[in-house]
> 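Submitted below is the structure of interest, expressed as C-alpha cells.
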There are 2 protein chains.
Amino acid sequence: MDKLATTLTASDGTVGKALDVLDMVAERGQPVRFKELLAGGRFPKATLYRLLQTLTNQGMLAYDAERQSYAPGMRLVRLAHSAWQQSSLAPLARPHIDALASKIGETVHLAQLDTGHVLYVDKRNARRPVDMYSQAGKVGPAYCTGVGKAMLAYLDDADLARAITRQSFYRFTHHTLTTPKELTTELQAIRARGYAFDNEEHEPGIICIAFPILTRAKRVIGAISVTSITMRTTLAALEALAPVIAQTAALIAAEAESWRFPEQESKGEK
Amino acid sequence: MDKLATTLTASDGTVGKALDVLDMVAERGQPVRFKELLAGGRFPKATLYRLLQTLTNQGMLAYDAERQSYAPGMRLVRLAHSAWQQSSLAPLARPHIDALASKIGETVHLAQLDTGHVLYVDKRNARRPVDMYSQAGKVGPAYCTGVGKAMLAYLDDADLARAITRQSFYRFTHHTLTTPKELTTELQAIRARGYAFDNEEHEPGIICIAFPILTRAKRVIGAISVTSITMRTTLAALEALAPVIAQTAALIAAEAESWRFPEQESKGEK
DNA sequence: AAACTGAGTTTCATATATTGGAACCAAAAA
DNA sequence: TTTTTGGTTCCAATATATGAAACTCAGTTT
C-alpha cells in the first residue's frame with residue numbers, strides 16, 4: 001500500500017529506539033508478531049523484547065495475548081487528539097473547508113508536511129459526508145500529490161533538499177514524476193503559477209488542484225486541494241475554481257497567522 | 001475542561017518518563033512553556049530539558065521557536081491513524097453505526113475503555129454530519145457517562161477496582177454519582193438491565209442510553225450510546241430504542257469477535 | 001517416549017546512556 | 001549597570017540499557 005521512503009530517524013537514545021519500534025508496528029498496518037519485528041533486524045532479541053514490553057506497559061502498544069501480536073495502542077489516539085487539535089491547521093481551517101466543500105461540491109483535502117511526506121489532517125467529501133480518520137492522519141507521498149507538490153514548491157532550499165531525499169519516487173502511474181530533476185522543474189512551474197496540479201500522478205483517474213497555505217513571510221504551513229475524477233472533470237475545469245480555492249487558502253493562512261504558527265520540520269538532524 | 005483523575009503511570013525507564021512528558025504536554029491542551037512543565041515538579045530541569053529535546057527531535061512534540069512553547073507533534077497523528085484503524089472498533093463498527101444513526105436520527109457514540117476512562121473512537125451526528133476528531137480521540141470520565149458506566153458494569157472485579165481508583169468523582173451536575181458506593185450500586189442495576197443511562201450526570205440537559213459491546217465470553221470491548229437532550233426527549237423515549245441499539249451492539253460484537261479482540265487494559269502494573 | 005524445534009523469556013557482566021546539581025548564558029526587567 | 005528570569009550546557013556519579021548466551025515451554029518430529 002505505502003511506497004514511502006522509510007525514514008530511519010537517527011536514533012537518539014532509548015526513547016528514539018522505542019519510538020522506532022512503535023513506527024515499525026504502526027507501519028505494518030496489522031498486528032505484528034515478535035518474530036516479524038525481530039526479522040526486521042533492527043534490534044537484537046532481548047532489546048526488542050524489552051522495548052515492546054515498555055511500550056505495551058505504557059499503552060502505546062496493545063498486546064493481544066491470544067494471537068501473540070502487537071498493535072498500536074489506544075493511548076496514541078488520545079494523544080493524537082491533542083496534537084490534532086492544537087498543532088494542526090484543521091480546527092482552525094474547518095469552517096473554511098466546509099464552506100469551500102459545500103460551494104464547489106468536490107472533495108477537499110487539508111494537508112500538512114510531516115518529515116517530507118504529506119499528512120492529511122482533514123477531509124471534506126461533498127456527497128458522502130463523513131470519512132473520518134480514514135483520511136485524517138493518513139500519510140501520503142509528497143512528490144506525486146497535489147498538496148505535496150504545492151508544499152514542496154515553497155520550501156527553502158535546505159528543507160527541500162532534505163524532503164527530496166525522503167521521496168521514494170516510486171512510479172504509481174505513468175504520469176508520476178520519478179526523478180528529483182523532473183520534480184524540481186515541476187516545482188518551479190508551481191511556484192510561478194501559485195498552485196499545483198495532480199495529473200493522475202498518484203492514482204489513475206484522479207486529478208486535483210492544490211494551493212499552498214502561506215504565511216505572510218511565504219512560509220508554507222499546509223495546503224488544500226480539490227480533487228475529482230477524470231471521468232467527470234478536467235484539469236482545466238478544476239483550474240476555473242482557482243480563485244475560490246486561493247481565497248480559502250488565504251483565509252486559513254490569515255487566521256493561522258493570527259493564532260500560532262507551529263514549526264513543521266524539526267531543524268537539526270542531531 | 002477535564003476533570004479526570006490524572007493517571008501517573010509507574011515510570012518504567014527513560015521511555016516511561018519521556019511519555020510522561022508527552023502526556024503533560026498533551027493534557028494542557030495548549031502550547032506549554034518549559035517553565036510550566038518544570039513547575040510540574042515532575043523532573044529536574046536538565047532532565048526535563050533533554051526529554052523535551054528528544055521528543056521534539058522525534059516529531060512527537062513540536063517546538064514553536066517564536067513562542068518558545070511545546071505542543072504535541074504531528075507524528076502522533078500519523079501513529080494514531082494506525083492505532084485507530086487496527087486497534088479500535090471504529091472501522092469495523094462504522095457501517096453499523098451509520099445505519100443506526102440514520103435510522104434513529106440522534107447522535108451516536110462509539111467508545112472504548114482506556115485506563116479507566118472513556119475514549120470516544122467514533123461519533124455520528126445525524127443532523128450535522130461531520131465532527132471529526134473533535135470527538136474521536138476525546139477522553140471523558142467513565143463514572144458519569146452512559147458509555148462509561150455501560151463498560152464498567154461488565155468489568156471483572158479486579159479491573160473494576162482498578163478503574164474505580166482512576167475516577168475523580170467530580171460533581172459535574174447534581175445528578176452525578178460522586179462515590180464509589182453509589183457507582184457500584186448503579187453498575188449492578190446496569191448489569192441486571194443490560195444497558196445504562198446517563199441522566200444528566202455529566203452535562204445538564206444531556207441524556208443518553210448506552211449499551212456495552214460484549215464478546216461471547218461477556219468481555220466488554222466497547223460501548224455505543226444514543227444521546228439526546230432533555231428538551232427534546234426523555235429517558236423513557238430513549239429506552240424505546242433499546243432493541244435497535246442492542247441489535248447494533250450485537251452486530252458489532254459479532255463482527256469484532258470474528259476478526260480480533262484486542263486487549264484493552266494492560267494487565268500488570270509492572 | 002525421547003529428541004528436536006522454534007518462539008519467546010530471562011540472566012548477567014559490561015558498556016552506555018541518563019542523571020541532576022551547578023555553572024553558564026542571554027534576554028528582559030529593574 | 002545590575003538583577004532576575006528562563007533556558008542551556010557540563011560533567012562526574014550512577015543507574016540503565018545492552019545483547020550474547022542460556023533457558024523455557026510449547027508443539028513438532030523421529
Side-chain angles (χ1 to χ4, degrees), chain A residues 8-25 28 30-58 60-73 260 262-263 266-270, chain B residues 8-25 28 30-58 60-73 260 262-263 266-270:
Chain A
L8 300 184
T9 325
S11 71
D12 39 1
T14 316
V15 177
K17 286 174 204 162
L19 295 178
D20 256 17
V21 173
L22 236 195
D23 268 346
M24 286 167 40
V25 176
R28 182 118 348 182
Q30 56 170 293
V32 216
R33 252 195 278 314
F34 182 97
K35 179 168 82 150
E36 305 179 59
L37 292 171
L38 186 59
R42 234 109 158 39
F43 301 99
K45 231 191 202 180
T47 303
L48 178 62
Y49 178 67
R50 267 169 294 114
L51 289 174
L52 286 170
Q53 289 242 115
T54 306
L55 288 169
T56 305
N57 250 310
Q58 294 288 332
M60 300 297 279
L61 289 179
Y63 181 64
D64 179 342
E66 342 245 347
R67 326 217 148 197
Q68 299 194 139
S69 62
Y70 297 89
R260 47 171 143 60
E263 276 309 301
S266 53
K267 45 207 57 152
E269 208 87 328
K270 198 315 163 31
Chain B
L8 302 184
T9 326
S11 72
D12 41 357
T14 316
V15 177
K17 287 174 204 161
L19 295 177
D20 255 17
V21 172
L22 236 194
D23 267 346
M24 285 166 44
V25 176
R28 182 118 347 183
Q30 56 171 293
V32 215
R33 253 195 279 310
F34 182 96
K35 181 168 84 146
E36 304 179 60
L37 292 170
L38 186 58
R42 235 104 159 43
F43 301 98
K45 229 191 204 182
T47 303
L48 178 62
Y49 179 67
R50 267 170 295 113
L51 289 174
L52 287 170
Q53 291 242 113
T54 306
L55 289 169
T56 305
N57 250 309
Q58 294 289 330
M60 300 298 277
L61 289 179
Y63 180 65
D64 179 343
E66 342 243 347
R67 327 217 148 196
Q68 298 195 141
S69 62
Y70 296 89
R260 46 170 143 62
E263 276 310 300
S266 52
K267 49 206 58 153
E269 208 84 333
K270 195 306 158 44

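Sequence lines set the chain letters: A, B, ... in the order given, protein chains first and strands last, and positions in each chain run from 1.
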> Please report the distance, rounded to the nearest Å, between OH in Tyr49(A) and P in dT11(C).
10 Å

> Check the pair Met24(B), Val32(B) against side-chain contact (heavy atoms from CB on, under 4.5 Å), reporting the backbone distance first and the verdict last.
CA-CA 9 Å; Met24(B) 285 166 44; Val32(B) 215; over 6 Å; no

> Report the distance from atom CG of Leu22(B) to atom CG of Leu51(B), rounding to the nearest 0.5 Å.
10.0 Å

> What is the distance from CD of Gln53(B) to C1' of dT18(C), rounded to the nearest Å?
14 Å

> Could a donor-acceptor pair under 3.5 angstrom be found where the side chain of Lys35(A) meets the base of dG6(C)?
no

> Quickly work out the Phe34(A) CZ to dA7(C) P distance and round it to whole Å.
11 Å

> For Leu52(B) and dT18(C), give me the distance from atom CG to atom P, rounded to whole Å.
14 Å

> Do any N or O atoms of the protein come closer than 3.5 Å to N or O atoms of nucleotides 11-17 of chain D, and which pairs are they?
unit_1  : atom_1 : unit_2   : atom_2 : d
dA17(D) : OP1    : Thr14(B) : N      : 3.3

> Measure CG/Leu48(B) against P/dT18(C) and give the value in whole Å, please.
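Nearest whole value for this atom pair: 15 Å.
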
> What distance do Leu52(A) atom CG and Arg50(A) atom CZ have between them, rounded to the nearest 0.5 Å?
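Nearest 0.5 Å value for the CG-CZ distance: 11.0 Å.
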
> Measuring from atom OH of Tyr49(B) to atom CG of Leu38(B), what distance do you get when rounded to the nearest 0.5 angstrom?
13.0 Å

> What is the distance, to the nearest angstrom, from the OH atom on Tyr63(B) to the C1' atom on dT8(D)?
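Going from Tyr63(B) (OH) to dT8(D) (C1'), I get 11 Å.
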
> Using atom CG of Leu51(B) as one end and atom P of dG7(D) as the other, report the distance to the nearest whole Å.
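The distance from CG of Leu51(B) to P of dG7(D) comes to 16 Å, rounded to the nearest Å.
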
> Quick one: which of dG8(C), dG21(C), dG19(D) gets closest to the side chain of Ala46(A)?
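For the Ala46(A) side chain, the nearest candidate turns out to be dG19(D).
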
> Rounded to the Å, how far apart are Leu38(A) CG and dG6(C) P?
14 Å

> Does the pair Tyr63(A) and Gln53(A) meet the rule for a side-chain contact (heavy atoms from CB on, under 4.5 Å), with working shown?
CA-CA 9 Å; Tyr63(A) 181 64; Gln53(A) 289 242 115; over 6 Å; no

> I'd like to know whether Tyr70(B) forms a side-chain contact (heavy atoms from CB on, under 4.5 Å) with Leu55(B), so could you lay out the CA-CA distance, the side-chain angles of the two residues, the decisive distance to 0.1 Å, and finally the verdict.
CA-CA 10 Å; Tyr70(B) 296 89; Leu55(B) 289 169; over 6 Å; no

> Starting at CG of Asp64(B), measure out to OG1 of Thr56(B) and round the result to the nearest 0.5 Å.
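Here the rounded value is 11.5 Å.
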
> Does Gln68(A) or Pro44(B) map to a spot on DNA chain C nearer the 5' end, using the closest nucleotide for each?
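Nearest-nucleotide comparison on DNA chain C picks Gln68(A).
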
